[in-house]
Amino acid sequence: MIRIELDQNGIKTNKEIDFATLKTAADILKELKINEETALLFFKGNPIPFDEKIEGIGIENIQDNDFRILKVIFDE
């Protein structure tokens, strides 16, 4: 398990996911049931494309809160 920081309109929470099963960065959003159209994904403070392969990053290089999700919630 690894912790991901989720920032929803300034409210930050940590979510834990099983990282061993993920293939791409977008799988993080799928695991947390977050729509890609309303989120930005960051790795160590830098934006990361959703199609970035986890194996390209190297799972051994990933630590808790290296990934951060910025989610925008629109009021209707």
Side-chain angles (χ1 to χ4, degrees):
M1 299 295 270
I2 191 164
R3 277 193 318 245
I4 308 290
E5 181 182 284
L6 176 59
D7 182 341
Q8 295 185 29
N9 287 9
I11 300 170
K12 296 181 182 180
T13 56
N14 287 317
K15 302 288 184 180
E16 286 194 351
I17 61 171
D18 182 7
F19 210 67
T21 61
L22 305 180
K23 292 183 176 28
T24 66
D27 291 338
I28 295 169
L29 299 178
K30 289 176 189 170
E31 181 78 19
L32 296 174
K33 296 178 175 70
I34 294 174
N35 185 336
E36 291 179 9
E37 295 174 5
T38 62
L40 296 172
L41 185 58
F42 296 86
F43 178 68
K44 294 187 178 183
N46 297 313
I48 186 171
F50 293 135
D51 62 350
E52 182 75 31
K53 302 252 187 257
I54 298 298
E55 67 186 30
I57 297 170
I59 198 156
E60 67 279 356
N61 297 323
I62 299 171
Q63 298 177 20
D64 284 344
N65 292 332
D66 277 351
F67 283 98
R68 192 175 72 119
I69 299 168
L70 178 59
K71 180 168 174 34
V72 178
I73 302 169
F74 298 100
D75 291 333
E76 297 203 29

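- No side-chain heavy atom of Thr24 sits less than 4.5 Å from a side-chain heavy atom of Glu52.
- Lys53 places none of its side-chain heavy atoms less than 4.5 Å from the side chain of Lys23.
- In plain terms, the two heavy atoms of Glu36 and Leu29 that are nearest each other are CG-CD1, 3.8 Å.
- Within 6.0 Å of NZ in Lys71 there are more than 12 heavy atoms belonging to other residues, nucleotides or ligands.
- What you find for Ala25 and Pro49 is that their closest heavy atoms are CB-O, 3.7 Å.
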Notebook entry, point to check: After noting the C-alpha distance and the side-chain angles of Asn65 and Ile4, does the key distance pass the side-chain contact (heavy atoms from CB on, under 4.5 Å) rule?
Noted result: CA-CA 5 Å; Asn65 292 332; Ile4 308 290; 5.7 Å; no
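- The OG1 atom of Thr38 sits 8.5 Å away from atom CD of Gln8, with the distance rounded to the nearest 0.5 Å.
- With a 4.5 Å cut-off on side-chain heavy atoms, Leu22 and Ile17 count as touching.
- If you chain together hydrophobic residues whose side chains sit under 4.5 Å apart, Leu6 and Phe67 fall into the same group.
- Partners of Asp7 according to the salt bridge (Lys or Arg N to Asp or Glu O under 4.0 Å) rule, which considers only residues two or more places apart in sequence or in another chain, do not exist here.
- The CE atom of Met1 lies 10.5 Å from the CG atom of Asp64; values are rounded to the nearest 0.5 Å.
- Here the straight-line distance linking atom CD of Glu16 with atom CG of Leu32 works out to 11.0 Å at 0.5 Å rounding.
- Residues Ile28 and Glu31 fail the side-chain proximity criterion, which asks for heavy atoms closer than 4.5 Å.
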Identify every side-chain donor-acceptor pair in residues 40-48 under 3.5 Å, counting partners at least two apart or on other chains, and give the distances.
none

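- Asn14 and Arg3 get closest at one heavy-atom pair: CB-CD, 4.0 Å.
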